[in-house]
2 protein chains.
Amino acid sequence: MNEQQLKLNNQICFPIYSVSRLITKAYKPFLEGLGLTYPQYLVLLVLWENDNLSINQIGEKLLLNTNTLSPLIKRMEKMELLDRRRSKSDERSVLIELTDKGKELRENAIPIPEKLFNTLLAENVKLGDILFLKDILNNWVDILSEKQNDRK
Amino acid sequence: MNEQQLKLNNQICFPIYSVSRLITKAYKPFLEGLGLTYPQYLVLLVLWENDNLSINQIGEKLLLNTNTLSPLIKRMEKMELLDRRRSKSDERSVLIELTDKGKELRENAIPIPEKLFNTLLAENVKLGDILFLKDILNNWVDILSEKQNDRK
DNA sequence: AATATTTATATCGTGCACGATTCAAATATA
DNA sequence: TATATTTGAATCGTGCACGATATAAATATT
């Protein structure tokens with residue numbers, strides 16, 4: 001592995017780390033109108049698609065463990081966005097069901113993706129970031145694939 | 001904007017958010033051997049490249065504000081990886097200088113990028129994630145560019 | 001049936017992130 | 001030169017993330 005390829009690690013890992021935070025920040029103005037954080041919004045996206053899931057099932061979809069989701073969902077319960085109740089068939093499971101308030105929020109959330117899209121579009125800096133990320137990622141995939149072929 | 005394009009938002013934002021966390025997790029086993037977190041490692045990467053920067057300058061490179069960096073750097077001072085001192089020419093600035101221990105850590109950090117690379121390579125699941133991310137990202141860039149051209 | 005193991009949540013501790021605010025030093029302006 | 005504004009750090013409060021651990025319910029094993 002040569003010098004340049006070694007640098008690719010940081011060239012991809014750091015940008016992903018940064019862009020992830022930039023995206024969360026870009027969502028903020030639209031989400032705080034609804035009183036939501038980005039992770040809370042993700043939970044709602046899952047529940048709007050498929051209500052009455054266990055915490056575990058939500059975690060599978062979001063790749064989050066219960067030590068993150070448990071308190072997060074309790075905060076959302078306090079906000080009266082959802083209800084928690086133990087499953088009757090398995091007392092270990094906690095089923096999450098949207099309240100009317102949680103369901104109604106969906107309407108207000110509909111314009112968010114387009115707004116976010118336009119935000120990223122308006123800020124050319126960010127398009128630059130994405131383009132940069134795209135090139136690096138393509139480069140990385142090439143090297144990864146190449147290396148996997150070498151092993152055969 | 002059609003339904004599918006709207007979904008692209010979540011198709012790109014969520015994967016970036018997830019992959020970012022996966023990458024940080026992938027670094028963990030290698031970094032904790034050095035007693036470092038990923039953000040601390042990033043600070044060292046910056047300082048190994050260019051010592052004696054102010055907190056602000058480090059923040060510019062990492063896109064992090066002082067309310068994140070200040071306590072993080074104080075923790076690194078406690079670990080005796082770096083020294084903090086006020087600049088004489090501008091008493092507001094805090095200059096960060098690596099200690100010998102901080103400099104020496106560089107040697108131990110050299111194999112990390114390759115190890116990480118191999119980890120991602122070994123876990124085919126993750127290569128799948130990257131490929132997925134790559135396609136979505138390319139798709140997104142196409143749409144963004146197209147939309148920007150429309151405005152002209 | 002009694003015991004061991006697994007599974008679904010929850011809790012605890014630590015370390016980011018980040019908006020808001022504070023404070024002092026530096027710089028700009030009247 | 002006095003005052004206003006800007007700038008660099010630091011602090012505070014809140015909310016994630018996540019490893020480690022605890023607990024109780026469900027399931028497997030003996």
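First the proteins, then the strands, lettered A, B, ... as listed; each starts at 1. These values consider heavy atoms only, across backbone and side chains, with no hydrogens, waters or symmetry-generated copies.
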### Query
Looking at residues 83-95 of chain A, who's got a heavy atom less than 4.0 Å off DNA chain C?
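Output list: A/R84, A/R86, A/R92, A/S93, A/V94.
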### Query
Hey, does the side chain of B/Y17 come within less than 4.0 Å of D/dC16's phosphate (OP1/OP2), counting only N and O?
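Checking B/Y17 against D/dC16: no side-chain N or O falls below 4.0 Å of OP1 or OP2.
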### B/T66 vs D/dA9: side-chain N/O to OP1/OP2 distance below 4.0 Å
no
### Query
What nucleotide, of C/dA8, D/dA10, D/dC16, holds the atom closest to the side chain of B/K74?
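Nearest nucleotide to the side chain: D/dA10.
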#### Entry: Shortest non-hydrogen separation from A/L69 to A/I55 and the atoms involved
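Scanning both residues completely, I find the closest heavy atoms to be CD1-O, 3.7 Å.
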Does the side chain of [X] reach to within under 4.5 Å of the side chain of [Y], using non-hydrogen atoms?
| X | Y | value |
| --- | --- | --- |
| A/R21 | B/L64 | yes |
| A/L105 | A/L36 | yes |
| B/V19 | B/I23 | yes |
| A/M76 | A/L44 | yes |
| A/N52 | A/R85 | yes |

### Query
Nearest 0.5 Å, what's the CZ-OG distance between B/R86 and B/S54?
11.0 Å
Distance check needed: [N] [atom2] versus [X] [atom1], whole Å only.
| X | N | atom1 | atom2 | answer |
| --- | --- | --- | --- | --- |
| B/M76 | C/dC16 | CE | C1' | 13 Å |
| B/L36 | C/dC16 | CG | C1' | 14 Å |
| B/N56 | C/dA26 | CG | P | 15 Å |
| A/R21 | D/dC16 | CZ | C1' | 14 Å |
| B/Y27 | D/dC18 | OH | P | 16 Å |
| B/N65 | D/dA9 | CG | P | 10 Å |
| A/E77 | C/dA10 | CD | P | 9 Å |
| B/L69 | C/dC18 | CG | P | 10 Å |

### Query
Mapping B/T68 and B/E32 onto DNA chain D by nearest heavy atom, which one lands closer to the 5' end?
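On the 5' side of the pair lies B/T68.
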### Message
Using a heavy-atom cut-off of 4.0 Å across all strands, would you classify B/T24 as base, sugar-phosphate, or nothing?
### Response
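Nothing, no nucleic acid heavy atom in range.
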### Residue met sooner reading DNA chain C from 5', once A/K25 and A/Q57 are mapped to nucleotides
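Result of the comparison: A/Q57.
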### Message
Tell me whether the rings of B/Y27 and B/Y41 are parallel (<30°), tilted (30 to 60°) or perpendicular (>60°).
### Response
tilted
At a cut-off of 3.5 Å, list every protein nitrogen or oxygen paired with a nitrogen or oxygen from nucleotides 12-15 of chain D, distance to 0.1 Å.
none

### Task
Inspect the surroundings of CD in A/E80 and state if more than 12 heavy atoms from other residues, nucleotides or ligands are less than 6.0 Å away.
no
